[in-house]
Amino acid sequence: MSFIDDLRNLDRNNVGGWPTSVKGFFTGLLVVVIIFFGWYLYVSDQQDDLERYRRQEVQLKQEFAKKQAKAANLVALRKQLDSMQDMLRQLLRQLPSKTEMPQLLVDISQTALAAGLQVDLFQPGPEAPKEFYAEKPIQIRMAGTYHQFGTFISGVASLPRVVILTMHNVSLSPQRAAAKGADPVPGGVLVLQGTVKTYRYLDEDETAKQAAKGKSRRGRK
């Protein structure tokens, strides 16, 4: 009797009496089904993970290539940074020094008076040291014409030392009579008031102190 005939004559109620060849066939088929579902449920997930890891590998290789290129240029970038810092220090040294600052403030005030401005307030405040320089705020209130203010600015630019004046909360408006809501004073007189800042460079000792303070603040973070 052939294997096909054995399959046709199987007694479903007497599995134990099936021929050995049929039992072996169904056993093998069951093993194949188990392997298939095992692959489908487990191996397919592993393949998805593998594909994800492959994409991550490509991304990491790209990031590595970028960082490697930066690392290769690190020495050149450091030299460029050192050169820029040296240039900055040279430019800052064109600013007034600590000993020159008092005379500079006098020169600025005198320049305003020489330009014909009415100086109602010229009050320097405490210095604020930065990394390489210190800024000096000055409260001012001056009155004059456009021409006089232009002469003042030109005069400050002509001082022996490089003078930088930056405006902070400064307003320029027509001067009015003492009465509230009065019309502007004739003659085109303007009032400049607010805070300006001028700057000086720090000497080596002061720069070292600022650097030490910076390291101390970073260490506390």
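Predicted, not measured: the structure shown is a model, and the values here were computed from it.
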A.B. asks: Suppose we screen for salt bridge (Lys or Arg N to Asp or Glu O under 4.0 Å). Which residues come up paired with E127, at least two apart in sequence or across chains?
C.D. replies: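 By the salt bridge (Lys or Arg N to Asp or Glu O under 4.0 Å) rule, E127 matches R200.
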
A.B. asks: Quick one: list whatever passes side chain to side chain contact (heavy atoms under 4.5 Å, CB included) with T166, sequence neighbours left out.
C.D. replies: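 Applying side chain to side chain contact (heavy atoms under 4.5 Å, CB included) to T166 gives I164, H168, K197, Y199.
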
A.B. asks: Rounded to the nearest 0.5 Å, what separation is found between the CZ atom of F122 and the CE atom of M142?
C.D. replies: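 One gets 5.5 Å once the value is rounded to the nearest 0.5 Å.
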
A.B. asks: Go through the structure and list residues passing side chain to side chain donor-acceptor pair (under 3.5 Å) with S83, not counting sequence neighbours.
C.D. replies: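 Here no residue qualifies.
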
A.B. asks: Going by the rule salt bridge (Lys or Arg N to Asp or Glu O under 4.0 Å), which residues pair with K66 if we only count those two or more places apart in sequence or in a different chain?
C.D. replies: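 Scan of K66 (salt bridge (Lys or Arg N to Asp or Glu O under 4.0 Å), adjacent residues dropped) gives none.
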
A.B. asks: Got more than 12 heavy atoms from elsewhere within 6.0 Å of CZ, R52?
C.D. replies: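 Enclosed: over 12 neighbouring heavy atoms sit under 6.0 Å from CZ of R52.
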
A.B. asks: List the residues meeting side chain to side chain contact (heavy atoms under 4.5 Å, CB included) with E63, not counting sequence neighbours, and say none if there are none.
C.D. replies: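 So E63 forms a side chain to side chain contact (heavy atoms under 4.5 Å, CB included) with Q59, L60.
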
A.B. asks: By side chain to side chain donor-acceptor pair (under 3.5 Å), which residues pair with K67, not counting sequence neighbours?
C.D. replies: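 By the side chain to side chain donor-acceptor pair (under 3.5 Å) rule, K67 matches no residue at all.
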
A.B. asks: Quick one: side chain to side chain contact (heavy atoms under 4.5 Å, CB included) partners of Q62, sequence neighbours excluded?
C.D. replies: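 Side chain to side chain contact (heavy atoms under 4.5 Å, CB included) list for Q62, sorted by chain: V58.
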
A.B. asks: Would you give me the side-chain donor-acceptor pairs under 3.5 Å for residues 102-117, sequence neighbours excluded?
C.D. replies:
from : atom 1 : to   : atom 2 : distance (Å)
Q103 : NE2    : D107 : OD1    : 2.9
T111 : OG1    : D107 : O      : 2.6

A.B. asks: Excluding sequence neighbours, so at least two apart, what forms side chain to side chain donor-acceptor pair (under 3.5 Å) with D203?
C.D. replies: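 So D203 forms no side chain to side chain donor-acceptor pair (under 3.5 Å) with any residue.
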
A.B. asks: Sequence neighbours excluded, which residues qualify as side chain to side chain donor-acceptor pair (under 3.5 Å) partners of R55?
C.D. replies: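 Listed in chain order: nothing, the list is empty.
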
A.B. asks: Side-chain contact, heavy-atom cut-off 4.5 Å: T198 with M101?
C.D. replies: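 Result yes, sub-4.5 Å side-chain heavy-atom pair found.
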
A.B. asks: Look up atom CG in L165 and atom CZ in F152, then write down how far apart they are to the nearest 0.5 Å.
C.D. replies: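 Rounded to the nearest 0.5 Å, the CG-CZ separation comes out at 6.0 Å.
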
A.B. asks: Rounded to the nearest 0.5 Å, what separation is found between the CG atom of D205 and the NZ atom of K98?
C.D. replies: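 So the gap between those two atoms works out to 9.5 Å.
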
A.B. asks: Do I138 and V196 touch side chain to side chain, with heavy atoms closer than 4.5 Å?
C.D. replies: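 In short, these two side chains touch, coming nearer than 4.5 Å.
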
A.B. asks: Holding to side chain to side chain contact (heavy atoms under 4.5 Å, CB included), I want the full list of residues that pass it with L121, two or more places apart in sequence or in another chain.
C.D. replies: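 Counting only residues at least two positions away or on another chain, L121 forms a side chain to side chain contact (heavy atoms under 4.5 Å, CB included) with Q123, Q139, R141.
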
A.B. asks: Near N169 CG, under 6.0 Å, is it more than 12 heavy atoms from other residues, nucleotides or ligands?
C.D. replies: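 Atom CG in N169 is not crowded, with 12 or fewer foreign heavy atoms closer than 6.0 Å.
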
A.B. asks: Does any pair with a residue in residues 143-158 pass salt bridge (charged side-chain N to carboxylate O under 4.0 Å, His left out), and if so which ones, sequence neighbours excluded?
C.D. replies: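 Sorted pair list comes back empty.
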
